[in-house]
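Working notes for the structure below.
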Amino acid sequence: MSKPKFYLTTPLYYVNAEPHIGHSYTNVAADTLARYRRMKGYDVYFLTGTDEHGQKIEQASKQEGFEDVKLFCDKIVEKFIDLWKLLNISYDDFIRTTESRHEETVKKILSLLYEKDEIYLDDYQGWYCTPCETFWTPGQVEDNKCPDCGRPLEYISEKNYFLRVSKYQDWLLDYLRNHPDFILPKTRYNEIYSFIKGNKLNDLCISRPKERLSWGIPTPFSSDHVTYVWFDALLNYITAPGFLREEERFKKLWPADVHFIGKDILRYHAIYWPIMVHMLGLEPPRMVFAHGWWLVEKEGGAADKMSKSKGNIVDPRVIVEKYSADALRFFMLREVPFGLDGTFSEQNFIHRINSDLANDFGNLVYRTLNMIAKYYERRIPDSSRGRESGDAVFKEVISGLEERIENAMSVLNFQQAIVEIWELIRRANKYIEEKAPWNLFKENKSQLDFVIYNLAEVLRIVLIALAPFIPDSTSKAWSYLGFKDDIHLHNYSEISQWGIISPGQIVDKGQPLFPRIQI
Ligand code: MSP
């Protein structure tokens, strides 16, 4: 039987600046889900990439002294690719909006929608925010400032092409009513639902005159215009899997199962995007999840937005170099519920890593391996009672664990999934204290075999359960535990099985995975 598919995406990052922890957040979360779904037996297609057209990129390229905008994009895109490598992001496809597979399909889509009369030419008068690449009507604007980011707007008056979005307002409202899980978290769903219910949607301006912006995809119906960057970028979610190009593959992959986005770009994904795919006769994506923002602490403890001008950008590369990719991955997913804002501070970071990874997880790994080395010359002991039934205390925590994790992961509640796994880790550490193997070593050898077998087996389960979250350290610990294969190729259901680890398997004490960080 062929595997069920799972298609997930991240936003396409603008290449006007280097990536920071905000960008890393989305890709770490998406990667964790991708790894988890692979281990659950899905055929995963994980797409990420870069958004390379528009005024903002053109300006950034000029400022950096590049004549050719594409060369500027080529330079910045490398920084994203390097960062994803550093963070172990296991994407299956990376799309750049300047690739011909994307540009050619966007042109075909424009022609198709133009022929269907979903696109028309009209006068445009209104405001434009270049940092957000967003058009605003006069009614939406106060004091010439962008309603989203508060920065000054540019007034424009020109002929442009429009997409008949307003025609589909009732369809969208109906769709939302019938699909209450289309937008998560619930607060974001409510926000969009009441917006659509209470406001009249305007048609979306989808072009820019070439004389003002040349860095974009030319529209097939007018040599004087290029495509609006958002219209171009959203389409990546169908151009990459092969729409109008590799129909078989596309049919298998679409609709996307999850679009991961930040809360600031929700309207594009929850209003315009489903209408665009509907116009093309396609099903809307299954879920759009809008996560919160990472802010940084400023003096006095208040939270502040990260920005280049304030010089308070947290560079993920520095964090990874100083600590590790897994430490950053774990912190971001454990510290803040996915969907809410979080404040990044190095103190909180250190505290979380020390308490959860160095103490709880690290200790379990270290003590278990160390005892096998010390009491059994590195060979996992045999205990038929251990293999067959295991200790009842673990049965309790392990039974239903896989289901509890699935319930959390299916709504992208990474924090809850981790909390579930921690129940087992804490129970195992407590077990070591209760059973005091150092006394059993002197007094009761067969009970020691039983206890240590249990611990080795629990460690196997913990490592599989944590593999999607901290892929590098679980791989290392897997080999320390004496396995020769790749932990990431295992099936997640193995956390529900007992008695798998082989007596006699030779372990290695290895290196401490998360040394305690001194403040
Ligand atoms: N290019 C558009 C997206 C097009 S998707 C078809 C864009 N790019 S962006 O580079 O500005 O932002 C990409 C993502 O990074 C957004 O989801 C945004 O929410 C996220 N973040 C940017 N700064 C962030 C934080 N400080 N914290 C968390 N995520 C934030 O928008």
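Just follow the structure's listing: the first ligand is 1, and inside any ligand the first atom is 1. Everything quoted here is computed from the prediction, not taken from an experiment. Sequence positions, counted from 1, serve as the residue numbers for this chain.
Using a 4.0 Å cut-off between a side-chain N of Lys or Arg and a carboxylate O of Asp or Glu, R267 and D148 do not qualify as a salt bridge. Ion pair D117/R164 flagged as a salt bridge, since at least one NZ, NE, NH1 or NH2 atom sits closer than 4.0 Å to an Asp/Glu carboxylate oxygen.
In summary, the atoms of ligand 1 found under 4.0 Å from a heavy atom of G262, numbered by their order in the structure, are 17 (O), 19 (O). The atoms of ligand 1 that sit less than 4.0 Å from any heavy atom of W230 are 2 (C), 3 (C), 4 (C). Of all atoms in ligand 1, listed by their number and element, those nearer than 4.0 Å to a heavy atom of M306 are 26 (N).
Around atom 29 (N) of ligand 1, the closest heavy atom drawn from G22, G342, C132 belongs to G22.
Y13 CE2, 3.7 Å is the protein heavy atom nearest to atom 14 (C) of ligand 1. Of the protein's non-hydrogen atoms, Y14 CD1, 3.6 Å is the one closest to atom 9 (S) of ligand 1. In this structure, atom 19 (O) of ligand 1 lies nearest to the protein heavy atom D264 OD1, 2.4 Å. Remark: minimum distance from atom 15 (O) of ligand 1 to any protein heavy atom is reached at H23 CD2, 3.5 Å. In terms of protein heavy-atom proximity, atom 26 (N) of ligand 1 is closest to W294 O, 3.0 Å.
Between F349 and F344, the ring planes are tilted. Angles from 30° to 60° get that label. Note on ring orientation: taking the six-membered ring where Trp is involved, the planes of Y7 and Y45 are tilted (angle from 30° to 60°).
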_Trace of the side-chain contact (heavy atoms from CB on, under 4.5 Å) decision for Y323 with L328_ = CA-CA 8 Å; Y323 307 104; L328 180 59; over 6 Å; no

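Residue K56 has no N or O atom closer than 3.5 Å to an N or O atom of ligand 1.
Using a 3.5 Å distance cut-off with no hydrogens or angles, the side chains of D232 and T97 do not pair a donor with an acceptor.
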